[in-house]
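Data block below; observations after.
Just so you know, these numbers come straight off a predicted model, no measurement behind them. Letters A, B, ... are given to chains in the order of the sequence lines, protein chains preceding strands, and every chain is numbered from 1.
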Amino acid sequence: MDELKEMVRNYVIREYLEDGDDREVKNDTPLISGGIVDSFSMVSLKRFLEKKFNIQIPDADASPEAFDTVDSIAALVKRFQK
Amino acid sequence: MAYSTAAREHFAKELAGIREAGLFKEERYIRSPQGADIEVEFPAGAAGKRVINLCANNYLGLSSHPEVVEAARKGLDHRGYGLSSVRFICGTQDIHRQLETSLTVFLGTEDTLLFPSCMDANAGVFEAILNERDVMIADRLVHASIVDGMRLCKAMQDTFKHSDMAHLEEKLREHQDKRFRMIITDGVFSMDGDLAKLDEIVALAQEHDAMVFVDDSHASGFIGKTGRGTHEHCGVYGKIDVITTTLGKALGGASGGCVSGRRELVEMCRQRARPYLFSNTVAPVIVSGAIKVLDLISKTTERRDKLEWNTNYWRKGLKEIGLDIKEGDSPIVPVMLYNAKLAQDVARDMFAEGIYVVGFFFPVVAKGQARIRTQLSAAHDQRHLDAGLAAFKKVGAKHGILGLGKKEIIEKFGM
């Protein structure tokens, strides 16, 4: 699980933080409600998870709440890995 | 009647929530034509107040230009008030096609199709051209109407960090398995006033086989040496596949927009773009005014040259006062205040000083990026700008922000 979270966290930092943006992203940092990821650019995160973990996340489950922290994203991935 | 008490209470509560969050938008009533000097009734019911307008998209000062008004009046006399039809039934007059041809020549494209607004053009264009075999790769700061248009399209969506060419290239490589790739950007970004790196975008598009889409609403008429737009400024005039733009800003300011670009893509919009197919034709009075606008600005660059002078004077003046502005080349000049309440307070005090500006804050801009967006016009004379600078100096001193940078303002006021 820790490895999964680290992978997601690294992707979020690389994909969403601009150069010079030194905000810390922890496993419980709010990503969407905190303004790091917006709903418009969230799609690439969903695609990354589907590709990386070979899963399908239905659109209904890809809610801003489910994508709001590294913790909740990891839980979502675990759910669909089963 | 099915509008129950429960429904009414629900929406009343929702509206109260918007108000409490400080996000409630209120209109101000203007009792004069658009221009550098306008008469504003605010709050509603108050006596009219003469103020200098520094927040209009009236970049070329043509919104109330006598020759444009006269041309519109002639259009009204000769082609009537309305057509009561969509374009393809009985809503296309000779002047609609004439305006489309003028826009094609001005923008340096192959063909053009008018829409009721650029919002409608952006809402319809992607769905008309692309499908699930394609990918749209958009700059993350594109206008909301593009975001909506992309959501209506079945093609895959992706985004790249604002103006980050390395990130865009990464995405282009990632999506080589798609049939078509389309890079999507604003020409001038409306909130920051910065220009897209269209020269680099076109080079990347050529290298990685992608089409280029530009919304040039905040550029058409004045960016570039002859005002053709961001593509002219960046040296890629004639190389953009799809341009959308508006007649509602520099080009007369009434309403209407267009999709302009490769012949086949424009024709696809004529066949399939739903906002074109299912909304009324642009009114003859607006078409006639817009033809005159293009005629005026194709003959001389006098107005865009004056706008450029005004922009340089204004940017220099704000910096000399000690305000923190976003650097750039466009007549959109954001005065950065970072804190939402501060932005609202400064805007209110500026109004009291006779200067009409508006504060922008989340969700219109990112959290902690609150600002006052000032916009220059060729209708401004130096006296308007000097009055605006004097007011900013007085109000800035009152709030103790002169000479402060981002860090200091945030330390003092919070984000």
Side-chain angles (χ1 to χ4, degrees), chain A residues 6-70 72-73 76-77 80, chain B residues 21 122 126 132 135-175 177-178 184-186 189 191-192 194 338 340 361-370 406-407 410 415:
Chain A
E6 195 53 24
M7 204 180 278
V8 172
R9 211 175 64 83
N10 286 337
Y11 178 80
V12 167
I13 293 168
R14 198 171 57 84
E15 174 73 12
Y16 296 105
L17 292 191
E18 306 279 339
D19 289 345
D21 188 341
D22 49 9
R23 277 180 290 184
E24 199 183 354
V25 177
K26 294 185 191 163
N27 288 352
D28 61 352
T29 302
L31 302 174
I32 293 174
S33 54
I36 293 172
V37 181
D38 62 35
S39 56
F40 177 46
S41 46
M42 203 178 83
V43 283
S44 59
L45 178 56
K46 178 174 179 281
R47 204 164 41 246
F48 165 78
L49 299 172
E50 291 181 330
K51 220 167 167 180
K52 198 81 194 169
F53 301 105
N54 197 23
I55 53 173
Q56 280 291 318
I57 305 171
D59 285 347
D61 289 287
S63 63
E65 292 77 30
F67 276 71
D68 204 33
T69 64
V70 172
S72 63
I73 294 167
L76 186 76
V77 171
F80 288 97
Chain B
N122 288 339
F126 304 111
E132 55 280 333
V135 62
M136 307 172 281
I137 308 172
D139 187 290
R140 285 196 182 141
L141 290 191
V142 291
H143 189 259
S145 57
I146 292 179
V147 176
D148 286 358
M150 287 173 65
R151 284 187 172 139
L152 291 170
C153 176
K154 291 193 176 69
M156 182 183 274
Q157 291 176 33
D158 208 344
T159 56
F160 61 97
K161 294 180 199 177
H162 177 53
S163 276
D164 186 330
M165 294 299 109
H167 200 217
L168 169 60
E169 183 160 27
E170 202 180 297
K171 299 287 184 169
L172 287 166
R173 285 185 205 279
E174 186 185 330
H175 294 297
D177 58 332
K178 291 291 175 188
I184 299 167
T185 183
D186 287 3
F189 290 87
M191 282 300 144
D192 287 359
D194 58 325
Y338 307 102
F361 41 90
F362 183 79
V364 178
V365 294
K367 274 185 184 157
Q369 290 288 312
K406 178 180 179 179
K407 202 166 154 263
I410 292 171
M415 292 264 280

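We find the NZ-CD distance between A:Lys46 and B:Gln157 to be 11.0 Å, quoted to the nearest 0.5 Å. Separating the CG atom in B:Leu141 from the CZ atom in A:Phe40 is a distance of 9.5 Å, to the nearest 0.5 Å. Annotation: the span from A:Lys51 atom NZ to B:Glu174 atom CD amounts to 5.0 Å, rounded to 0.5 Å.
In this structure A:Phe53 satisfies the side-chain contact (heavy atoms from CB on, under 4.5 Å) test together with A:Leu4, A:Met7, A:Leu49, A:Ile55, A:Val77, A:Gln81, sequence neighbours excluded. Contacts of B:Asp139 classified as salt bridge (Lys or Arg N to Asp or Glu O under 4.0 Å), with partners at least two apart in sequence or in another chain: none.
Taking both residues in full, the closest heavy atoms of B:Lys171 and A:Ser44 are given as NZ-CB, 3.8 Å, listed atom of the first, atom of the second, then distance.
Salt bridge annotation for A:Glu18-B:Arg140: absent, with no cationic side-chain nitrogen under 4.0 angstrom from a carboxylate oxygen.
By a heavy-atom distance cut of under 4.5 Å, B:Lys161, B:His162, B:His167 are the residues of residues 160-169 of chain B near chain A, going up by number.
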Identify every side-chain donor-acceptor pair in residues 24-31 of chain A under 3.5 Å, counting partners at least two apart or on other chains, and give the distances.
from	atom 1	to	atom 2	distance (Å)
A:Thr29	OG1	A:Lys26	N	2.7
A:Thr29	OG1	A:Lys26	O	3.3

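Both the backbone and the side chain of A:Arg14 come within contact range of chain B, judged by heavy atoms closer than 4.5 Å.
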